[in-house]
Structure formats: structure tokens, C-alpha cells
Amino acid sequence: MDILGQLRSQGSVVVAELSAQFNVSEATIRRDLRQMAAGNLLQRVHGGAILAQSVEREPPFLQRTRLQTREKQRIGAAAAHLINDGDTVILLGGSTTLEIAPHLAHKADLTIITDSLLIAQGVAKHTDITVIMLGGVVRKSELTTGGHLVQLCLQELRANKVIFGVRAVHFEQGLLLDAVAEVMTFRQCIQAAQEAILVVDHSKFNQMATAALGPITLVDRIVTDDQVSPEICAQLRDLDIEVSLA
């Protein structure tokens, strides 16, 4: 398997894609990636790997934008269609939610509440969009704000919708994040909105992560890509969660 060759030509690789390409199990691919990471040949990121030499130049958030890029772009466009003129939307920072921002230019009278420096930068240039930046300490790894000041801001705000991503979706363990410190902020955002929309690509399902946000039923709708299995879609709909495939 020429995984390093693909890394050098593409900059990143995805476990599921390598498994299908080389006709081996995902467990085998993950084992090989771990061995190469131990030799400093690559850097593991969620769902795949990137070249080791790029690690010091970019924060983890920008590394993740290289994974499932096409799927995230389609999900972002589909999620933008769910935003109506006049809406107030909490748009939490993430590599998938970032793909929503380019599709908001033609919306009228929007208010976007965000913790993301990149999302704020992307939508602030549009004259018909009001941007409320959640104040707090900048997390350089994610290019978002966080901490107690963000939570104080959220106490004063209400929204029609909150749109966010998570690190993993598990039918028994629920919605999962990497950082325990983010849990309270995410919960406050969900409580502040009339509708909760989760945007995740197919690789996030049946995975695990460190911090439990809550049950899958916290969300009203999930926007994902068309590679998610029909069985997963059926399970979600059985929980009265609407599913949109991009």
C-alpha cells in the first residue's frame, strides 16, 4: 500500500477511502497509520492522516478541513438552504459549518452568532448580515473563542436555529466532542435556539470521542452526505430526527 505516496501527492488521506481502495479493513489501515505516525512519517487526525511536516505550520482545525472536503462542501450548501431570510442563527465553529458561510451571501436580514473567527470573517463582508461575535479567549488550535465569557454572552441571546458539528455520533453514547471544556457552550447554544441542526459527514457515525454532549435526540435535524448507510438514516428517523442527505 503506497499510503505515503498518496500523502505526498494529496496532502491528506482518509481511512475509509484507503480501506476501499486497497481492499483491506479499516482496522488494518489504522494500524499502518499508527506505525507510520510512530516513525514521524505522518500525523494522525480524526478519520485519516496528514503529512508530518505540515503539523507545525497549521492548527488542527485547518488540518481537518482537508478531510472529506467534497462531502463537507455539499453538506454546507444543503444546510444553508435551511436558513431563511430574517433568521437569527448560531453557527458554531467547525470544518463543516465553515462551508455554510459562502452560501449566505444572498440571504436577507440575517443575524449570525458565532464563536468562529473564520466564519465571522466570511460573513461580515455582506451588508445584509449582522454578525454577533461571542467574546472569549481565542483557542488558537480551533480559531474559535471559548470560556466563561462566551457562556455569559449566550445568556443574553436567542436564535431561530443553531447549527453545529461534533466529533462523533454514537447511537448508544450520543453526541460526542473532543474537548470537555466545549460541552457547556454547546449545550447553552442548543438551549438558546428553537431548532438544533447537526452537520456531520458519514465518517462521524458509530465513532467515539472523549466528551459526552448528550443524546442524539438533542438535535431536530441532521444534514449529512449520501455515503451514510440507509440503516443509519432509518435509525435516526425512528428517533424522530429529520435527515437531509447532500
Side-chain angles (χ1 to χ4, degrees), residues 14-21 23-30 45-48 64-65 67-84 89-100 103 159-180 182-246:
V14 177
V15 169
E17 293 176 358
L18 291 173
S19 172
Q21 179 181 349
N23 196 27
V24 296
S25 69
E26 292 190 11
T28 298
I29 295 295
R30 284 192 287 268
V45 294
H46 180 76
R64 294 198 306 274
T65 61
L67 299 174
Q68 281 85 39
T69 302
R70 296 187 192 91
E71 290 90 341
K72 289 174 181 177
Q73 290 171 345
R74 297 201 308 270
I75 292 168
H81 282 298
L82 301 174
I83 298 174
N84 303 314
V89 181
I90 301 173
L91 200 52
L92 287 172
S95 58
T96 305
T97 53
L98 182 61
E99 296 295 342
I100 298 172
H103 301 283
N160 300 101
K161 299 175 177 74
V162 58
I163 306 178
F164 64 99
V166 294
R167 182 49 58 91
V169 180
H170 193 282
F171 281 96
E172 293 181 3
Q173 302 300 323
L175 306 176
L176 303 165
L177 305 173
D178 268 342
V180 174
E182 292 181 333
V183 169
M184 286 308 300
T185 296
F186 274 61
R187 287 178 182 168
Q188 270 189 272
C189 289
I190 293 169
Q191 291 169 0
Q194 296 173 341
E195 181 182 5
I197 300 171
L198 180 67
V199 289
V200 286
D201 66 72
H202 67 279
S203 71
K204 302 294 180 66
F205 288 96
N206 295 322
Q207 301 297 315
M208 288 293 294
T210 305
L213 175 58
I216 298 177
T217 50
L218 282 177
V219 301
D220 303 291
R221 180 188 295 268
I222 293 180
V223 184
T224 186
D225 62 85
D226 58 8
Q227 293 187 55
V228 71
S229 72
E231 292 77 15
I232 287 176
C233 292
Q235 284 180 277
L236 293 171
R237 290 176 175 131
D238 285 344
L239 294 172
D240 291 326
I241 297 170
E242 295 186 58
V243 180
S244 299
L245 297 181

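In this chain, numbering begins with 1 at the start of the sequence shown.
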4.5 Å side-chain heavy-atom contact, [X] and [Y]:
| X | Y | value |
| --- | --- | --- |
| Q194 | N160 | yes |
| V166 | K204 | no |
| I83 | H103 | no |
| P215 | L239 | no |

Could you report the tightest heavy-atom contact between [X] and [Y], atom names first, then the distance?
| X | Y | answer |
| --- | --- | --- |
| N84 | K161 | ND2-NZ, 3.6 Å |
| R74 | D226 | NH2-OD1, 3.3 Å |
| A159 | I90 | CB-CG1, 3.7 Å |
| T224 | V200 | OG1-O, 2.7 Å |
| I190 | L218 | CG2-O, 4.1 Å |
| I197 | V223 | CG2-CG2, 3.9 Å |

Tell me whether the rings of F186 and F164 are parallel (<30°), tilted (30 to 60°) or perpendicular (>60°).
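Plane angle over 60°, so perpendicular.
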How many angstroms lie between atom [atom1] of [X] and atom [atom2] of [Y], to the nearest 0.5 angstrom?
| X | Y | atom1 | atom2 | answer |
| --- | --- | --- | --- | --- |
| I75 | I222 | CD1 | CD1 | 11.0 Å |
| L236 | F205 | CG | CZ | 5.5 Å |
| E172 | I216 | CD | CD1 | 10.0 Å |
| I100 | Q73 | CD1 | CD | 13.0 Å |
| E71 | S203 | CD | OG | 8.0 Å |
| Q235 | N206 | CD | CG | 7.0 Å |

D225 vs H202, test: side chain to side chain contact (heavy atoms under 4.5 Å, CB included). Steps then yes/no.
CA-CA 6 Å; D225 62 85; H202 67 279; 3.0 Å; yes
Before you tell me yes or no, could you show the steps for L176 and V169 under side chain to side chain contact (heavy atoms under 4.5 Å, CB included), namely the whole-Å CA-CA distance, both residues' side-chain angles and the distance that decides it to 0.1 Å?
CA-CA 6 Å; L176 303 165; V169 180; over 6 Å; no
Test side chain to side chain contact (heavy atoms under 4.5 Å, CB included) applied to L177 and R167, step by step
CA-CA 5 Å; L177 305 173; R167 182 49 58 91; 5.5 Å; no
Return yes if some donor-acceptor pair links the side-chain N/O of [X] with the main-chain N/O of [Y] below 3.5 Å, else return no.
| X | Y | value |
| --- | --- | --- |
| T97 | L92 | yes |
| T96 | K72 | no |
| S19 | V24 | yes |

Could you give me the CA-CA distance, side-chain angles and deciding distance for E242 and D220, then say whether side chain to side chain contact (heavy atoms under 4.5 Å, CB included) is met?
CA-CA 6 Å; E242 295 186 58; D220 303 291; 6.0 Å; no
